[in-house]
Protein chains: 2
Amino acid sequence: MAGDAKLAVVEAVRTAIVHGEYAPRQRLIETDLCERFGTSRFIARSALQELAGMGLVEFERNKGARVRDIPLTEAIEITEVRMLLEGLMAARAAERVTRSEAARLRGIVTDMRTAVTRSELVRYSELNGRLHAAVRDIAKHTTSDRLLRQLRDQTVRHQFSLALVPGRPAVSLPQHEAIVAAVVARDPAAAEQAMRRHLQSVIEALQSLLGQSAPRGQRRQPAQGARRTPPAEEILAAAAILS
Amino acid sequence: MAGDAKLAVVEAVRTAIVHGEYAPRQRLIETDLCERFGTSRFIARSALQELAGMGLVEFERNKGARVRDIPLTEAIEITEVRMLLEGLMAARAAERVTRSEAARLRGIVTDMRTAVTRSELVRYSELNGRLHAAVRDIAKHTTSDRLLRQLRDQTVRHQFSLALVPGRPAVSLPQHEAIVAAVVARDPAAAEQAMRRHLQSVIEALQSLLGQSAPRGQRRQPAQGARRTPPAEEILAAAAILS
DNA sequence: GCTAGCATTTTCGTTAGCAATACCACGGCA
DNA sequence: TGCCGTGGTATTGCTAACGAAAATGCTAGC
């Protein structure tokens with residue numbers, strides 16, 4: 001497997017799902033994928049299987065693949081795990097950070113500040129992603145890295161919902177600043193704690209969302225057809241605030 | 001996919017790898033698997049892909065699948081993550097444990113004690129697995145559960161090596177006792193800390209193993225043919241002491 | 001007008017087979 | 001004698017096609 005063709009399809013479908021082009025529980029018909037990505041059914045199938053392994057799609061016997069719907073409760077669980085792993089990453093980064101890496105982190109965070117003052121959410125998003133990637137690079141913990149990637153992919157959608165609650169940017173930026181400060185100060189314990197506090201606040205936000213949005217039993221979505229395609233830009237801005 | 005046929009093959013190959021019937025870096029020829037498990041090549045192929053997703057086998061372009069060799073350094077990383085996740089599980093279990101579940105835990109731990117005094121390692125192994133499974137059941141954290149299963153599968157082999165260092169059973173049992181005590185006392189913080197201490201000692205044991213076993217560059221294994229098939233019993237005993 | 005049952009159609013699960021590629025042994029040449 | 005090129009073999013990567021299951025739509029009966 002792992003033919004480059006398959007890998008390309010996996011990546012394409014992955015970003016499509018993460019960016020919301022495919023809605024949760026939407027069926028992923030193999031032949032559709034074939035014509036969209038110009039490959040054979042076998043490739044599409046393999047790609048879907050790999051995505052299933054990543055937890056992004058699910059199979060049902062004789063009914064094919066659909067985009068996995070991650071319920072809010074599971075998103076909370078995932079964020080709890082993320083809190084632990086990202087905390088570990090932050091601590092590691094604090095232990096190993098070099099001078100040049102520290103400078104890089106500081107540069108990113110000052111850019112974030114200006115982006116926030118100018119209300120440039122997309123720019124902030126990009127910087128945020130770059131910051132976290134930098135922390136992961138510094139930590140060099142491949143196991144956590146791999147797991148975190150999976151977990152992040154699964155929760156992007158809910159981060160989008162969360163971005164709509166007002167006032168979150170105001171709390172997000174100082175938390176990020178605290179994380180970077182601890183890392184560049186080479187204080188592992190403080191870095192871990194800062195990262196945990198950050199994600200703890202995300203968990204609490206998700207829990208409040210849970211309380212208000214699901215008063216009674218599972219309200220099922222239409223389940224087929226992209227019910228809405230939020231622009232990627234919007235999604236990115238959402239991810240910025242919370243990750 | 002997820003045809004029951006494929007699932008059976010996945011499970012069979014998984015246990016074969018975990019029990020050491022397939023050595024690390026041993027090639028997994030598709031046709032061999034076909035005749036061994038009496039399925040078609042397509043099924044074998046799908047199963048291998050799923051196992052690759054679980055991190056147990058790896059693919060190389062045009063060279064097929066082999067059992068992934070988890071280097072000791074990666075095993076340490078994995079155990080670090082396990083420490084966090086199992087700690088979370090323990091805390092959760094302490095929050096949610098019911099009377100009957102607590103009784104069950106206590107029963108298992110007393111059985112463990114007697115098994116140790118009688119030097120019944122296999123029995124201890126079985127009880128140990130049951131204990132951890134019980135904790136996971138009580139915690140009801142499906143995300144951590146899923147991740148932990150993957151991580152455990154990947155490290156069983158190294159736990160085998162570790163079981164050979166003398167004196168470990170003496171430290172393992174009291175640690176388990178402490179964990180159970182904290183859980184039944186409904187003290188989440190203590191349960192988490194006890195579990196972490198336990199896995200921290202495993203990490204330290206692994207690190208000492210690292211220091212003594214790899215004086216110079218990667219010493220590569222013969223790489224094909226099961227170079228040795230340790231009896232499953234031995235493996236289970238090893239897993240007992242450390243997990 | 002509505003429901004139950006049947007036929008059709010879509011889509012998936014599986015098998016068989018072909019083409020491409022890497023590994024291995026052998027022989028020629030320096 | 002040692003090294004490089006070459007051919008054969010084994011194994012994978014992939015395509016095409018077939019059979020089976022489920023969803024859908026239609027017709028007939030109530």
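All chains are named by letter (A, B, ...) in the order of the sequence lines, taking the proteins before the strands, and each is independently numbered beginning at 1. All values below come from the heavy atoms of this structure, side chains included, with hydrogens, waters and symmetry mates left out. Because the structure is predicted, anything quoted here is derived from the model rather than measured.
- In this structure, CZ of B:Phe42 is placed 13 Å from C1' of D:dT15, rounded to the nearest angstrom.
- No salt bridge links B:Glu101 with B:Arg104; every basic N to acidic carboxylate O contact stays at or beyond 4.0 Å.
- Within the nucleic acid shown, B:Leu48 has no heavy atom closer than 4.0 Å to any nucleic acid atom.
- Rounded to an integer number of Å, the gap from CZ of B:Arg27 to P of D:dT11 is 7 Å.
- Distances shorter than 4.0 Å separate some side-chain N or O of A:Arg45 from OP1 or OP2 on C:dG13.
- Contact annotation: B:Ser40 side-chain N/O to C:dT15 OP1/OP2 distance is under 4.0 Å.
- To the nearest angstrom, C1' of C:dT15 lies 11 Å from CZ of B:Arg41.
- In this structure, the CD atom of A:Glu30 is 14 Å from the C1' atom of D:dT15, given to the nearest Å.
- Proximity of A:Arg61 to the phosphate of C:dG13: no side-chain N or O atom is located under 4.0 Å from OP1 or OP2.
- Here the CG-OG distance, from A:Leu88 to A:Ser144, works out to 4.5 Å after rounding to the nearest 0.5 Å.
- In summary, B:Arg92 and A:Glu80 engage in a salt bridge, as defined by a charged side-chain N under 4.0 Å from a carboxylate O.
- Note on B:Lys63: every side-chain N or O is 4.0 Å or more away from OP1 and OP2 of D:dT11.
- Look at CG on B:Leu7: it is 13 Å from P on C:dG13, rounded to the nearest Å.
- Distances were taken from every side-chain heavy atom of B:Ile43 (C-beta onward) to each of C:dC18, D:dT15, C:dT15; the shortest belongs to C:dT15.
- When the P atom of D:dG13 is taken as reference, atom CD of A:Gln49 falls 14 Å away, rounded to whole Å.
- Salt-bridge formation is not detected for the pair A:Glu30/A:Lys63: no Lys NZ or Arg NE/NH1/NH2 atom is positioned less than 4.0 Å from an Asp or Glu carboxylate oxygen.
- Ionic pairing of A:Arg25 and A:Asp69 is not present here: no N-O contact between side-chain nitrogen and carboxylate oxygen is shorter than 4.0 angstrom.
- Nucleotide D:dT12 holds its P atom 8 Å from the CG atom of B:Asp32, rounded to whole Å.
- For B:Arg66 and D:dT11, the CZ to C1' distance is 13 Å, given to the nearest whole Å.
- Taking the side chain of B:Ile29 as heavy atoms from C-beta on, and the options C:dG13, D:dC14, D:dT11, the nearest nucleotide is D:dT11.
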